[in-house]
Amino acid sequence: MLYCDHVVEKVGIDSVLEVCHELHTMTSLVGFEALMRGKKVVTYGMPFYAGWGLSEDLRVCKSRTRKLSLEELIAGVLLLYPRYLHPRTLELCEVEAFLEELEVQRSASKKLSMRLHVRNIVMRKAQLVLRMLSK
């Protein structure tokens, strides 16, 4: 507790970012999440989002000489740099195809979840009736 007032455990990072005013980090992805939420970010290491003029960086990366807007950083990190594999075919695909397939899978999962929920309700009612009849 030398460097903090309070340690909080078992809390989602979204909840923490909602209430914090600024985030200090070495290389955590949480700094990127904080930037996307408009929080001040101070870096002590050299995460991928440091050195572009969006965070206060205590280390300097000489190869990062230009400034990026937050939108440019997000586009580079999530759209331009990564390679996406289609979840069903496992072939390289564009981000749009990846997201479309995720939506298809999410929708199918919701339908299955609803069927299982209804089945569980019916089974519980059937078990209740069987218990009542066996008395």
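Just so you know, these numbers use all the heavy atoms, side chains as well, and skip hydrogens, waters and symmetry mates. All of these numbers come straight from a predicted model, not from anything done at the bench.
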Original post:
Are M46 and L35 co-members of a hydrophobic cluster defined by side-chain heavy atoms under 4.5 Å apart?
Top reply: no

When every non-hydrogen atom of L85 is compared with those of L90, the smallest separation belongs to CD2-O, 3.7 Å

> Is there a chain of hydrophobic side chains (I, L, V, M, F, W, Y, each step under 4.5 Å between heavy atoms) that links V11 to I13?
Replying inline: yes

Any link between L68 and L78 through a network of hydrophobic side chains (Ile, Leu, Val, Met, Phe, Trp, Tyr) touching at under 4.5 Å? yes

Heavy-atom nearest pair, R64 first then P47, reads NH1-O, 3.1 Å

Cluster overlap L29 with L70, hydrophobic side-chain contacts below 4.5 Å: yes

Taken in chain and number order and not counting sequence neighbours, the residues that satisfy side-chain hydrogen bond (donor to acceptor under 3.5 Å, both in side chains) with N120 are none

So CD of E33 and NZ of K39: to nearest 0.5 Å the spacing works out to 12.5 Å

Practice prompt. Please indicate whether M26 has more than 12 foreign heavy atoms, meaning atoms of other residues, nucleotides or ligands, lying under 6.0 Å from its CE.
Written response: no

When rounded to the nearest 0.5 Å, the distance separating NZ of K111 from OG of S109 is 11.5 Å

Closest non-hydrogen contact found for V41 with Y49 is CG1-CE1, 4.1 Å

Between E72 and S69 the two heavy atoms that sit nearest each other are OE1-N, 2.7 Å

The reported gap from CZ in R37 to SG in C20 (rounded to nearest 0.5 angstrom) is 9.5 Å

Check your understanding: Relative to each other, are the rings of F98 and Y84 parallel, tilted or perpendicular (30° and 60° limits)?
Key -> tilted

On a heavy-atom basis, the closest approach of F48 and V77 is CE1-CG2, 3.5 Å

To the nearest 0.5 Å, atom OG of S55 lies from atom NZ of K40 at 10.5 Å

Closest non-hydrogen atoms of K67 and G53, given as atom of the first, atom of the second and distance, are CD-CA, 3.7 Å

Problem - CA sep, side-chain torsions, deciding dist, call: V30, T25, side-chain contact (heavy atoms from CB on, under 4.5 Å) - result: CA-CA 8 Å; V30 176; T25 185; 5.9 Å; no

When rounded to the nearest 0.5 Å, the distance separating CG of L80 from CD1 of I74 is 12.0 Å

Contacts of E94 meeting side-chain hydrogen bond (donor to acceptor under 3.5 Å, both in side chains) (sequence neighbours excluded), chain-then-number -> none

Note to self: Tell me if the CD atom of E103 is crowded by more than 12 foreign heavy atoms within 6.0 Å.
What the structure shows: yes

Worksheet item: Is V8 linked to V19 within one hydrophobic cluster, defined over Ile, Leu, Val, Met, Phe, Trp and Tyr using a side-chain heavy-atom separation of less than 4.5 Å?
Response: no

dist L92:CG -> H86:NE2 (nearest 0.5 Å) comes out at 12.0 Å

Is a side-chain donor or acceptor of D57 paired with a backbone partner of A50 at a separation under 3.5 angstrom?
no

